[in-house]
Protein chains: 2
Amino acid sequence: MTVVSLHEPSHRETLWELEAAFARGDTVSVFGECTVEYDGRAASSLGPGARLLVLKPDGTALVHTDEGRTPVNWQPPGCEHHAAVRDGRLRVRSVRTNPAETLEVRFSTVEHLAAYAVTGGRSVEVVGSEADLKARVLEVPSLVADGFEPLETERETDAGPVDVFGVDADGNPVVVELKRRRVGPDAVGQLGRYVSAVEREEPDGTPVAGVLVAPSVTARAKELLAEEGLELVAVDRLVADGSRPTEGDDEGAERDANGAGGADGVDRDESGRG
Amino acid sequence: MTVVSLHEPSHRETLWELEAAFARGDTVSVFGECTVEYDGRAASSLGPGARLLVLKPDGTALVHTDEGRTPVNWQPPGCEHHAAVRDGRLRVRSVRTNPAETLEVRFSTVEHLAAYAVTGGRSVEVVGSEADLKARVLEVPSLVADGFEPLETERETDAGPVDVFGVDADGNPVVVELKRRRVGPDAVGQLGRYVSAVEREEPDGTPVAGVLVAPSVTARAKELLAEEGLELVAVDRLVADGSRPTEGDDEGAERDANGAGGADGVDRDESGRG
DNA sequence: ACCTCCATTTCGTAT
DNA sequence: ATACGAAGTGGAGGT
């Protein structure tokens, strides 16, 4: 049995199938009219409406409307899902502790339920993260400054870990903060805190440079940089331009599941008509 | 027709029904084996596995595995969904511009499709937000300091809007930053920037106080507060004390309400997660 | 468990 | 459109 589906089931039928799905470790999708109550870190109440409820075997619960990437209500992983029928109506409660939070979905109608053993590859390799930017800086330190020499990454300071720490051509300390996208005042503040922390560590009078490496900064961030005597190095393309990232054998080889399918050919598509 | 469901459909059938669902403005749930490619602000590749794909009429696409609140891949609202069959296999592309991003889901098997007109209430009333904390501070200004008098909220400064601005018993300016939860160094930096900005606005020598109102702070944040001469006011309950928290129908209270014979409800059926 | 920070953050509001 | 900060942020990695 791969997938179970109930079309316009009774509330009772839905309950049975939900329990069976929980027992199997299936992921469940339920369409229907419902209200939602949440109480925990905050509290909320959602009036009646047609929605999609997704329940995962890891204790995640998602209530989706027809809009938005973010669920209108949810429960993070680690909950226990409980289903029950009260007054002839299906209720699903997802509960967790630490923090104590409860989500309760009360259905007035259940239109559909589908349950399926969702398993397999769940780790995705993302390219273009801050880690990639760091790799690029370590590969080409001159991006930061002529004569810059990286010494350490994630170097611990009083103010937290410094992305890249090194010295300039004169041997003076340089603190580098990396951001993969356009930054505002927060990132400047972060860099400022790191620079101050390193200044406290160094002998009095040692000049400590702070460099923000990012595609661009907002106007206010630029002001703040100037005020605090920090520099900006604008790097717009994280992924190397012409340089195919030397990863070759290192990174791209294996994903997590079965190697399975080359499946279909990798020709650049397409003419999707929607 | 309220809900459409296809059990183990062919790829072609799925395509037809997807297109019909898009045309109707339905929200769609698809279970099946697939791979996922994403390219946009970053890039990623997800190997084959059994997953849940959700497509919304507002252009949202979500690819969920059996774990986590966050989709393993997604596309935010504003996309156009395109479905096609290539080499006998269903492909769904969700594309947007600004930034240019593409998500492509290639199915090797389609186990199930369900489509439903998800509409209705999507605005949720949340209690316990920063706005509530602000209301509480304005209601009881002495929480911040004896003799504190709020003058303005969201007061604009060079460094951004100040949550609550006012004066202390001596008439000196006070900058208040509100946080609904335990805060780290970032919030202290934020408050520090606001205080500095106000100091620049005021006549030289005017002492400007900075107060962080939050349930608690981390050790490092506490140090930073001390360094910058800022204060902490610990407020643990956002929701007013006196107000009983939504005590509803929780455990078995109302059970007997509808008396008589109607009690065909299965009362305490429960089941836990897998 | 707590702390710190990244994120394809998303989301809302004001400029 | 961009900017700025909140969010029930979530999630990873370290201590």
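To find a chain, count down the sequence lines: A is the first, B the second, and so on, and within it residues start at 1.
Closest contact between the side chain of B:Tyr38 and the listed nucleotides C:dT8, C:dT4, D:dG8 involves C:dT8. The side chain of A:Glu177 lies closest to C:dC6 when the candidates are D:dA6, C:dC6, C:dT10. Distance from the side chain of A:Tyr194 is smallest for C:dC5 among the nucleotides D:dG5, C:dC5, C:dT10. Residue A:Arg193 places its side chain closer to C:dC5 than to any other of D:dG8, C:dC5, C:dT4. The listed nucleotides are C:dC6, D:dG8, D:dG5; the one nearest the side chain of B:Val126 is D:dG8. The listed nucleotides are D:dG5, C:dC2, D:dG10; the one nearest the side chain of B:Arg182 is C:dC2. Set against D:dA3, D:dG10, C:dT8, the side chain of B:Glu101 has C:dT8 as its closest nucleotide. In the set C:dC6, C:dT4, D:dA1, the nucleotide with an atom closest to the side chain of B:Asn98 is D:dA1. The listed nucleotides are D:dG8, C:dC6, C:dT10; the one nearest the side chain of B:Arg180 is D:dG8.
Applying the 4.0 Å criterion to OP1 and OP2 of D:dG8, one finds that A:Ser44 has every side-chain N and O outside that range. B:Arg181 has a side-chain polar atom (N or O) that falls below the 4.0 Å cut-off from OP1 or OP2 of D:dT9. Neither OP1 nor OP2 of C:dA7 sits under 4.0 Å from any side-chain N or O of A:Arg69. OP1 or OP2 of C:dT10 lies within a sub-4.0 Å distance of a side-chain N or O belonging to B:Trp74. Residue B:Ser129 places no side-chain N or O under 4.0 Å from the OP1 or OP2 atom of D:dG8.
Annotation: C:dT8 and C:dT4 have their P atoms spaced 23 Å apart (nearest Å). Distance noted for atom P between C:dC5 and D:dG8: 22 Å (whole Å).
Spacing between atom CG of A:Asp186 and atom P of C:dC5 amounts to 12 Å, rounded to whole angstrom units. For the pair A:Leu62 CG and D:dT9 P, the interatomic distance rounds to 16 Å; values are reported in whole Å. For the pair B:Glu130 CD and D:dA7 C1', the interatomic distance rounds to 10 Å; values are reported in whole Å. At whole-Å resolution of the value, CG in B:Asp158 and P in C:dT15 are 15 Å apart. Nucleotide D:dG11 holds its C1' atom 13 Å from the CG atom of A:Asp58, rounded to whole Å. The interatomic distance linking A:Arg96 (CZ) with D:dG10 (C1') rounds to 10 Å, in whole Å. In this structure, A:Glu125 atom CD and C:dT8 atom P are separated by 12 Å, rounded to whole Å. Taking atom NZ of residue A:Lys179 and atom P of nucleotide C:dC5, one finds them 9 Å apart after rounding to whole Å.
B:Ala159 comes within 4.0 angstrom of the backbone, heavy atoms only, and of no base. In this structure, A:Pro77 reaches the sugar-phosphate backbone alone: every heavy-atom distance under 4.0 Å involves primed, P, OP1 or OP2 atoms, never a base.
A donor-acceptor pair shorter than 3.5 Å can be found between the side chains of A:Ser216 and A:Arg182.
Under 3.5 Å, the side chain of B:Asn73 and the base of C:dT8 form at least one donor-acceptor pair of N or O atoms. With hydrogens and angles left out, the side chain of A:Gln75 and the base of D:dG8 share a donor-acceptor pair within 3.5 Å.
A:Glu101 has a carboxylate O that lies under 4.0 Å from a charged side-chain N of A:Arg96, or vice versa, which qualifies the two as a salt bridge. The pair A:Arg91-A:Glu104 counts as a salt bridge, with a side-chain nitrogen and a carboxylate oxygen less than 4.0 angstrom apart. Ion pairing of A:Lys134 with A:Glu154 is present here, as a side-chain N (NZ or NE/NH1/NH2) and a carboxylate O approach within less than 4.0 Å.
Both A:Ala221 and B:Thr70 lie near DNA chain D, and the one whose nearest nucleotide falls closer to the 5' end is A:Ala221. Checking A:Glu67 against A:Gln190, the closest nucleotide of DNA chain C that is more toward the 5' end is the one next to A:Gln190. Comparing A:Ala131 and B:Val183 by the nucleotide of DNA chain C whose heavy atom lies nearest to each, the residue mapping closer to the 5' end is B:Val183.
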Verdict with supporting geometry, A:Leu230 and A:Glu177, side-chain contact (heavy atoms from CB on, under 4.5 Å): CA-CA 11 Å; A:Leu230 306 171; A:Glu177 174 64 26; over 6 Å; no
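Rounding to the nearest 0.5 Å gives a distance of 11.0 Å between CG of A:Asn73 and NE2 of A:His64.
You'll find the side chain of B:Val175 reaches within 4.5 Å of the side chain of B:Phe165, heavy atoms only.
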